[in-house]
Amino acid sequence: QFPHFAVNSYFLLEDKIKRPPDFYVVEDTAVFKDNFSEIIDFEAKQKFFPMIYKEKLLSGRTSKELGNPLFFRMNQGFYGRSTGTLGYPRFSQDFSQRAYCGQSVTMINLQLAYWMGFERVLLVGMDFSYQIPSDAKVDGNIIVSQSDDHNHFDPRYFGAGKTWKDPKLSRVLQNYRLAKEVFEADGRQILNCTVGGALEIFERTSLE
């Protein structure tokens with residue numbers, strides 16, 4: 001069996017998956033805030049969270065009660081925060097030191113997988129296309145849904161009342177291009193096993 005990484009609202013699949021994910025990661029602040037209880041309760045063999053969430057997670061709880069999550073230094077320079085350059089992709093080869101944001105939690109996972117030594121990463125469920133509903137409330141990069149989510153596998157994912165951010169897929173693509181180069185320079189692979197979707201930067205193959 002492949003070790004598998006899960007992210008964000010993957011817990012909505014809990015009644016369908018055969019086993020808990022090996023690794024579970026949340027980066028996005030809105031996802032963390034809107035799904036706090038579910039994120040805490042979701043079962044995974046190992047959870048990884050940015051240090052910025054540590055205080056809230058451990059407020060009134062012990063690390064053991066949370067399943068002993070690991071906390072990592074998340075550099076948000078890509079978003080123009082604190083360090084780095086806005087929109088400048090970076091890839092950490094040493095996750096124990098830091099991980100760089102890259103407009104998608106997938107970039108955090110790719111850096112984690114690289115550091116763990118995986119030679120081949122298989123991407124599943126990467127549609128790489130979004131539509132902002134006409135009834136959504138949009139304020140700059142911040143979007144608040146007023147109805148079901150049609151962009152993800154479950155209408156509740158970013159459903160009514162949930163906050164999400166403009167995906168900015170061109171920026172995501174910049175980061176994926178860098179991840180691809182880093183993996184290939186080290187003789188490793190990132191393969192897209194998604195059925196359909198619009199992500200073409202990685203070689204496609206069948207999961208089967």
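Scope of the values below: all heavy atoms of this structure, side chains included, with no hydrogens, waters or symmetry mates.
A ring-ring contact (aromatic ring centres under 6.0 Å, His included) with F95 is found for one member of F72, Y100, Y114 and no other, namely F72.
Remark: T29 OG1 to Q76 CD distance equals 8.0 Å, nearest 0.5 Å.
Listed by chain and residue number, Q103, N141, D166, R171 satisfy the side chain to side chain contact (heavy atoms under 4.5 Å, CB included) test with K168 (two or more places apart in sequence, or in another chain). Residues satisfying the ring-ring contact (aromatic ring centres under 6.0 Å, His included) test with Y53, not counting sequence neighbours, are F32.
For residues 6-26, the ring pair (Phe, Tyr, Trp, His ring centres under 6.0 Å) pairs, not counting sequence neighbours, are F5-F23, Y24-F42.
The shortest heavy-atom contact between A198 and R204 is N-NH2, 4.2 Å. Listed here is the closest heavy atom pair of Q146 and A136: CG-CA, 4.2 Å. Of all heavy-atom pairs between V172 and S104, the closest is CG1-CB, 4.1 Å. Between P20 and A44, the closest heavy-atom pair is CB-CA, 4.2 Å.
The same ILVMFWY cluster, assembled from side-chain heavy atoms under 4.5 Å apart, contains both W115 and I108. In this structure, L110 is not a member of the same hydrophobic cluster as V124, with clusters built from ILVMFWY side-chain heavy atoms closer than 4.5 Å. Both F202 and L178 sit in one connected hydrophobic cluster of ILVMFWY residues. Membership requires side-chain heavy atoms under 4.5 Å apart, directly or through other members. No single ILVMFWY cluster, assembled from side-chain heavy atoms under 4.5 Å apart, contains both L122 and V105.
You'll find the side chain of D154 stays beyond 4.5 Å of the side chain of S9, heavy atoms only. In this structure, T163 and D34 have side chains that are in contact, with non-hydrogen atoms separated by less than 4.5 Å.
The aromatic rings of H152 and Y157 sit parallel, their planes meeting at an angle under 30°, below the 60° perpendicular limit. The aromatic rings of F71 and F49 are tilted relative to each other, their planes meeting at an angle between 30° and 60°.
In N68, the CG atom is crowded: over 12 heavy atoms of neighbouring residues, nucleotides or ligands sit closer than 6.0 Å.
A salt bridge does not link D149 to K162: none of the charged side-chain nitrogens sits closer than 4.0 Å to a carboxylate oxygen.
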